[in-house]
Amino acid sequence: MHISITEAEIKAHLQHYYNMPVVQLNQMDGYDSLNYKVKFQDQKYVLKIYNSKQHHEADVAAENEILTEVNIDGIEFPKPVKSISGQWLQRIKGSDIYFRLLTFLEGTFLGEIEHSDELIDSLGTMLGRLDHELAKLTSPVLQGRVLAWDLGRFLDNTPLLSFIKSPTDAKLVAYFIQQFKLEVQPKLPSLRASIIHNDANEWNVLSKDDQVSGLIDFGDMIYTKVVFEIAICAAYLGMQKEDPLSAITRLVAAYHKTFPLEEKEIELLYYCIAARLCTSVLNSAKEKEHRADASYITISEKGAWHLLRQWIQINPEHATNEWKKECDFATANTNCDLMTRREKVIPKVFSLSYREPIHMTKAAFQYMYDAAGNTILDAYNNIIQVGHAHPTVVAAGQDAMAKLNTNTRYLYESLVTYSEQLLAHFPAPLSKVFFVNSGSAASDLAIRLARTYTGRNKIAVLQHGYHGNTQLGIDISHYKYGHKGGKGKHPDIIELALPDTYRHGDRNGDLGAVYAKEAAAHLTKVASSSSRDLAAFICEPIVGCGGQVPLAPGYLQALYPEIRSRGGLCISDEVQVGFGRLGTHFWGFEYHGVTPDIVVLGKPIGNGHPMAAVVTTEAIADSFNNGMEFFSSFGGNPVSSAVGKAVLDVLESESLQTNALETGDYLKRKLHELMSVHECIGDVRGEGLFIGIDLVTSRISKEPDAKMAKKVVEELKMAHILTSIDGPGHNVIKIKPPLCFNRENVDHLRHHLDKILFC
Ligand code: PMP
């Protein structure tokens, strides 16, 4: 907005058009007009000066008309003052400029004071009364008005995302845009519409003696969905509050008492509030780019960001139920018979976590929402590497699915682009990738590749290792074949001791080298004839199911040459630890300073989308090309390729490996602090955001304390934190959250863990 006029000219015009000869002028903030406080004799006014080229006179005239018609006892609104020629809008002769004079309202802005319950009640009541009045009015001009700040056009703001510089901030807004599209947009046509004020923020509402006394700035008034009025007011009221939901619930209740909301409106309120916050931060980001001084426009930005970060931690179902309760609507049924229905169709062998299983409904980044309304901090899901429902990954999948889904028998760009991007993360000579759909299929294929390449059969594995659920997967997983329900070791399997630095018996010296030497001796002993039969050695760099056990330093560096000297290949199972989780390195084998011949990838590769891969050398890949075609119907399809690429992009743009390192180190520090207080913590181990807490009955005997582990995991669940147990002694708490996990999340986890261990 640029209006060229001097104060002397303004004074002259006020005298000429309003008969106000001697006035005092003070400039005020303004968004789309030049605003002055005008003092004439004992009266105060607000003068708004517009340029008709930038601001339609018809819109301002419509606003004036409404202002003259709306009257509510005890609430003041600015009233238009006519010029001496009887005009509400006074055009300045010979220019594009026009004036508007309004009465000035005294009072204290809500932005200047604490918000008591009474004040919030009176805010809701005032807004309800106003909307009750506005619902009786019509205005063809306002009905035709198009405004970017109309939440009905919220999605039009999407391109402004590019102005938000921080990828972590942008993903939050992109998430709420996607949710609005999903939850609100399809229902908009069914909502009632009316004229609404459209901007009841804390700098537009005045108060006296803890009661709302007035409302100003009707410049954003528009004909749109009624529910947006309370959503907008709630968005601003919720800012800078420790408990925004209770303040908003109070506001909604007071509004509803005066002007009843419909149930379907309440059901959309959570996302409409988020949409207003997003509109605010998106427009602030744009203004900051375009204007040197955007302080007035960006006044709410900080508060909006703060509330958005709180909002994502509130289960939408919970918020909606709170509002419904206040407005006397029945709350959602949590579907208690889901368990019974599940038992009828899903085999018992599928386990459910916790004594009382959790019924999950939605999730966002490191937070999951259950049907009971709880928000659950996910400290456990290493599948969801970049965060639940990450908008970039979701959009990649949605867009690709809407375009083309086919298989690797045809040429398409995404397979090649993604493969190039993925392989760029590997050292030479790892240069070829096979795509499949699960970690199990990948480890199965890895074994087949090794056997084909070497022409041999025997596979060396680590005790307590897990690699998959196919028959071959079970054969190479001591965690399965060596435990309950398992049929014992297959003759082709050679079992090696887990090179554990915590429970290492009485071995002394350089544990990695000692374990490797023992393993080599074992290979020689069990396979005097068959050592020439060794096809491969497979292990994880940190053994997940074995209890988050990092292999002793130097172990792989010493053992890989032993395997290779016996003609075997080295396979690294990166299904759990890969893709930056360890912080210091992208892959677990790098952390051990070795390069395998075959790498197995799964879980995080697609952030929950079912995909997996095997990466190997050209020579090994070529040996598989022996006449028998390899085909996976879904492996490497265009949708999976797009999803996989999005995961890599997000890992990079949000620097999630660095976050894994920094937050992981902070987590380990906090857990070591707990260890100095709680005797039952025998060991804290792992790297980055792949951490195990080994609980013991005695630090001397290192006896696993399975009972304590169960108690901890159950009680963390009661505190709405997800973790899990692993290890042969069922005593290791595993922490491997989405890589967006932050310090605040760590503090929260530490606090509850501490409380539980004290009891
Ligand atoms: N390898 C490892 C190390 C795993 O942890 C798992 C799954 N827990 C697999 C392979 C098998 O992956 P999926 O469940 O995708 O078949």
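Start at 1 and go down the list; that is how both ligands and their atoms are numbered. Here, residue 1 is the first one in the sequence, and each next residue gets the next number.
Every residue meeting the salt bridge (charged side-chain N to carboxylate O under 4.0 Å, His left out) condition with E654, not counting sequence neighbours, appears here in chain and number order: K171. When the side-chain contact (heavy atoms from CB on, under 4.5 Å) test is applied to E714, the partners found at least two apart in sequence or on another chain are Y354, R355, K717. With sequence neighbours excluded, the residues satisfying salt bridge (charged side-chain N to carboxylate O under 4.0 Å, His left out) with E629 are R409.
Between D444 and R448 no salt bridge is recorded (no basic side-chain N to carboxylate O distance below 4.0 Å).
A donor-acceptor contact shorter than 3.5 Å is absent between the side chain of E703 and the backbone of V696.
Listed by chain and residue number, the protein contacts of ligand 1 are S438, G439, S440, Y466, H467, G468, E540, D573, V575, Q576, K603 (heavy atom within 4.0 angstrom).
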Practice task
Might you work through the salt bridge (Lys or Arg N to Asp or Glu O under 4.0 Å) test for D597 and R564, ending with a clear yes or no?
Solution key: CA-CA 10 Å; D597 305 295; R564 286 172 176 146; 3.2 Å; yes

